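Read through the structure below, which is laid out as structure tokens, and then see the notes.
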Amino acid sequence: MERLVKLRIDGQEVEVPEGTTVLEAAEAAGIEIPHLCHHPELSPVALCRLCLVEVDGRLLTSCNTPVRAGMEVRTATERVKRLRRLVLELILSDHPLDCLTCERNGSCELQRYAYEFGIEENRFVGPDHARRELPPREDNPFIRYEPGKCILCARCIRVCDEVQDRHVLDFAFRGFSTQVVTFLERPLTETDCELCGQCVAVCPTGALTEKERRFKGREWELERVETVCPFCGCGCRITLHLKGGRIVKVSGGYRGFRLCVKGRFGLTFVHREDRLKVPLIREGDGFREASWDEALGYVAERLLEIKEKYGPDAIAGLASAKCTNEENYLFQKLIRAAIGTNNVDHCARLCHAPTVAGLVAAFGSGAMTNSIDEILDADCILVTGSNTTEAHPIVAQEIRRAVRRGGTLIVVDPRRIELAELAHFHLRQRPGTDVAWINGFCHLILEEGLWDEEFVRERCENFEEFARAVERYTPEYVEEITGIPAALLREAARAFGRAQRGMIFYSMGLTQHTSGTDNVLAIANLALLTGNVGRRSTGVNPLRGQNNVQGACDLAALPNVLPGYQKLSDREVRGKFEAAWGVKLPEKPGLTVVEMFQAALAGEVRGMLIMGENPMVSDPDISHVAEALEKLEFLAVIDIFPNETTRFADVILPAASFAEKDGTFTSTERRVQRLRRALDPPGEARPDWEILCELSTRLGYPMSYRHPGEIMDEIASLTPIYGGISYRRLEGEGLQWPCPSPDHPGTPFLHKDRFPRGKGRFHAVEFREPAELPDAEYPLILTTGRVLWHFHSRTMTGRVEGLHELVPEAYVEINPADAGGLGIRDGERVRVSSRRGSIELVAKVTERVPQGTVFIPFHFGDQAANVLTNPALDPVSKIPEYKACAVRVEPIER
Amino acid sequence: MADLEAALSVALQGAKGPGALVPVLQRLQGELGYLPGPALEEVARRLGIPPARVFGVATFYSQFSLKPKGKHLVRVCLGTACHVRGAPQILAELSRQLEVGEDGLSRDGLVSLEEVRCLGACALGPVVVVDGEYWGRMTPAKVTQLVRALRERGKGEA
Ligand code: SF4
Ligand code: SF4
Ligand code: SF4
Ligand code: FES
Ligand code: FES
């Protein structure tokens with residue numbers, strides 16, 4: 001328990017926990033002390049001296065003075081006021097009074113104090129205006145620094161050190177030339193900078209600003225709309241600042257100011273000229289513009305025709321992890337109720353289907369068990385198959401912070417990903433051998449008696465079978481399979497076994513294998529064995545990639561469940577939906593993504609409706625997807641941009657982007673958050689939910705809602721985990737499901753007292769080799785992944801100039817030893833081939849990948865890594881094996 | 001740079017942690033005459049200090065120089081008084097005659113040319129200071145004289 005300390009501030013008695021600063025104590029008592037260098041999320045430096053107070057007659061800076069019992073603090077004596085004024089005058093003496101054209105006019109903290117103190121003219125003028133004359137720096141795509149406006153408060157330096165852990169900035173030079181610079185004044189893009197813009201967010205003045213917003217509007221002219229970032233599953237809550245229908249700036253984020261480069265600087269894609277603006281119908285080799293009425297009528301007519309001729313199962317739909325919960329709900333309702341088939345799926349199949357299958361079997365629920373704000377308190381963090389820094393930036397920031405606080409970090413990944421540099425243990429397994437090392441961990445933890453016997457006894461079942469299965473996985477045996485040195489495995493397992501609060505994070509590196517479901521089951525075993533489930537700062541935490549992949553799953557854009565993971569096979573469940581929807585529902589589970597394309601090739605699926613997905617980049621073995629799309633009798637696509645998939649469409653329907661509609665997204669931590677309309681859609685584009693209603697009605701199954709809020713009410717009435725959710729309750733932070741009733745506060749971590757399936761179940765899982773092993777012809781293992789600067793198939797980020805410039809094209813990472821043997825030099829163009837195809841790209845020779853493995857980011861349509869990948873499926877979850885296939889790399893003849 | 005490696009090992013001998021930074025930079029400058037960028041990067045890496053921090057320290061103390069220094073230091077005043085009396089032309093003429101590059105160094109490595117603000121000798125403007133010796137009321141003709149004198153000295157020493 002923290003001790004409380006009593007003191008008096010301006011005569012008022014105040015009681016605060018030990019360690020609080022005088023400034024914080026005053027704030028808690030509602031007494032404002034002016035300050036500039038202080039920031040509540042950063043360590044105190046006491047640089048500006050504006051926060052002076054009198055303590056027992058002595059002058060002290062309140063931002064770095066801890067409270068003491070019996071302290072007598074006076075914040076507003078004449079002496080204090082006079083000195084504060086002097087401090088402010090000195091700062092201003094060196095500051096250009098450019099407020100008229102400054103972007104921060106109206107939100108600048110210095111300006112505010114100058115006004116409050118009534119400083120009209122300056123008694124001091126610097127002997128020399130060196131600082132004001134220093135030229136601005138803007139040699140990077142997004143951030144502008146004006147040394148003249150810099151008050152040297154070091155907030156930017158501290159945020160980069162303490163929050164972002166990049167250590168890119170520091171003060172340099174002296175006297176009037178002192179400014180914040182990078183090493184050798186290099187452009188940010190040539191440092192470790194992630195262009196997160198956290199430094200811009202905390203700057204109190206106009207010294208650091210977003211380049212994009214220059215002269216696009218002053219603070220008070222900007223309209224603000226609170227909404228959610230459309231990129232990744234971290235689900236940052238953002239504020240869009242708009243003027244004249246354009247996004248001028250983005251603020252907000254995790255803990256109010258933390259975003260990543262995509263969320264802060266990557267949203268301008270919505271304004272691109274090449275947005276789809278009118279419905280298009282194929283005519284010959286091209287498209288012609290059509291009215292909504294004609295286009296929708298035509299889609300309905302063709303789908304009904306196919307249904308008539310071949311039955312409802314000849315139609316399939318792909319919903320979207322980018323669209324809202326309401327839209328995914330309507331989409332699957334349309335496919336199930338209006339068409340009459342369960343052939344509905346979305347790209348989660350391609351990332352986390354094994355998670356759902358595995359965690360449902362082990363726990364009874366397939367989502368991330370714990371929350372992002374619990375990371376800081378974990379004492380051991382295990383990250384595997386997740387390049388967290390690049391795919392889930394906010395989670396990575398929290399992991400780095402936890403490690404800096406003394407937590408142990410174990411990274412198991414073949415590549416030397418960024419987090420590996422920080423890790424206490426980095427285990428580099430041969431791709432596709434995860435079951436082996438995880439079983440090895442369990443083996444060691446049992447052998448050393450580090451398991452949680454009580455938890456296993458009280459809350460789990462099937463322990464014996466599991467324990468027998470892992471017996472074989474001695475460190476030596478595991479080394480043989482995975483290449484992880486036995487001694488290293490032993491130490492890492494020990495560290496995890498000893499942890500009080502062990503938190504496991506994983507992502508597609510674990511799931512995208514033919515053994516994907518087994519990998520997840522093995523991870524669940526490890527968490528159960530060590531009792532790391534059902535408490536704060538523990539758990540099995542699959543990081544969901546897309547902003548709303550969680551929601552799309554929750555709302556049953558899946559072929560085998562109804563909303564809220566209610567079983568399609570359960571007659572009672574079906575009955576409930578049949579009564580609500582007023583139709584008879586098909587019982588037979590539908591096709592998964594990859595099966596849909598196979599069925600299309602076989603002529604079994606003839607018509608498809610695709611909403612906001614781009615399978616032509618994201619699906620494995622793209623040449624086959626192309627053939628399948630080609631073969632369809634009819635394809636309708638709803639999207640915001642033309643892309644590789646719309647090329648195959650018969651009808652293209654233009655949709656509203658995230659900024660142009662209302663709805664909700666569910667983040668990776670199961671947080672349902674409100675998306676708000678900030679702009680009008682371009683041209684005739686319309687929100688997907690409206691399009692779906694119109695289409696369904698034309699298919700003979702009328703749907704009508706006045707607002708997405710009504711759709712959510714329907715969802716809540718049918719879906720127990722969303723039962724207590726309504727738009728009224730979603731102001732602010734949102735709600736984490738399960739939230740079964742209107743008075744339920746939501747659930748930050750799952751499985752507290754019991755598992756949804758009753759007991760946690762151990763599974764005996766055995767190592768199996770990946771479907772395709774390297775051989776003489778294809779000697780290397782290819783693995784694929786993301787980069788920080790881009791998102792998914794780049795439909796959005798490829799259209800943000802600054803992001804495009806950072807990584808304009810794909811590359812292949814190859815170890816120096818392999819490159820040497822093949823005569824490949826860094827930066828040279830090479831051909832990478834697998835049994836399925838070949839692509840040409842630039843080689844990056846680097847130790848980031850181990851010998852024998854190469855890596856290609858999958859974002860790029862014209863050099864799509866998925867031309868190469870293997871569509872071999874995990875037998876349970878039907879996920880394709882993206883993370884391991886055999887390839888050959890060769891120099892291109894010069 | 002083979003020298004660089006040698007200089008680094010001298011400078012870093014026995015040094016550990018952030019506290020060692022200033023003495024390390026002093027020794028390094030003693031070895032190399034100045035602090036080249038790659039050397040600073042190495043120091044940062046080996047002491048485990050962010051490079052930006054090392055750069056900050058290296059630019060804060062006037063004892064350190066990040067550029068190679070000539071044997072002689074020529075400073076041209078560009079303060080207001082000197083400015084109006086034609087200091088910019090003097091500076092241009094000096095750069096031309098000494099063939100001064102981007103790094104402020106004459107091509108023969110003999111002279112470092114720097115700009116300064118008011119030297120407190122406004123009455124003598126435009127003012128040039130050569131290794132502490134003031135040259136007042138400068139004209140292009142006097143620049144030629146000055147350059148000749150510097151080259152003579154250079155020869156004398158060589
Ligand atoms: S953008 Fe982020 S990483 Fe770059 S300097 Fe600013 S805080 Fe540091
Ligand atoms: S740039 Fe802004 S945050 Fe950084 S030191 Fe200057 S005023 Fe402070
Ligand atoms: S992409 Fe993810 S981490 Fe970045 S701002 Fe958006 S939600 Fe946050
Ligand atoms: S706020 Fe305390 S010194 Fe700046
Ligand atoms: S302006 Fe040159 S000496 Fe004063």
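What you see is a predicted model, and the numbers here were worked out from it, not measured in a lab. Quick note on labels: first sequence line is chain A, next is B, and so on, each numbered from 1.
- Counting non-hydrogen atoms of other residues, nucleotides and ligands closer than 6.0 Å to CD of B:Glu133 gives a total above 12.
- Taking a 6.0 Å sphere around CZ of A:Arg144, one finds it holds more than 12 heavy atoms contributed by other residues, nucleotides or ligands.
- Of the two parts of A:Phe173, the backbone and the side chain both hold a non-hydrogen atom closer than 4.5 Å to a non-hydrogen atom of chain B.
- For the set B:Gly37, B:Ala44, B:Ala58, the count of heavy-atom pairs under 4.5 angstrom toward chain A peaks at B:Gly37.
- For A:Arg174, the CZ atom sits in a packed shell: over 12 heavy atoms of surrounding residues, nucleotides or ligands are nearer than 6.0 Å.
- Partners of A:His39 under the ring-ring contact (aromatic ring centres under 6.0 Å, His included) rule, at least two apart in sequence or in another chain, are A:Phe257.
- Using a 4.5 Å cut-off between heavy atoms, A:Arg166 makes no contact with chain B at all.
- When all heavy atoms of A:His167 and B:Ala52 are compared, the closest pair comes out as O-CB, 4.1 Å.
- Counting only heavy atoms from C-beta outward, the side chains of A:Leu184 and B:Leu66 approach each other to under 4.5 Å.
- Atom CD of residue A:Glu185 and atom CZ of residue B:Phe55 lie 4.5 Å apart, to the nearest 0.5 angstrom.
- We find the CZ-CG distance between B:Arg53 and A:Asp161 to be 8.5 Å, quoted to the nearest 0.5 Å.
- Listed by chain and residue number, B:Glu5, B:Glu42 satisfy the salt bridge (charged side-chain N to carboxylate O under 4.0 Å, His left out) test with B:Arg46 (two or more places apart in sequence, or in another chain).
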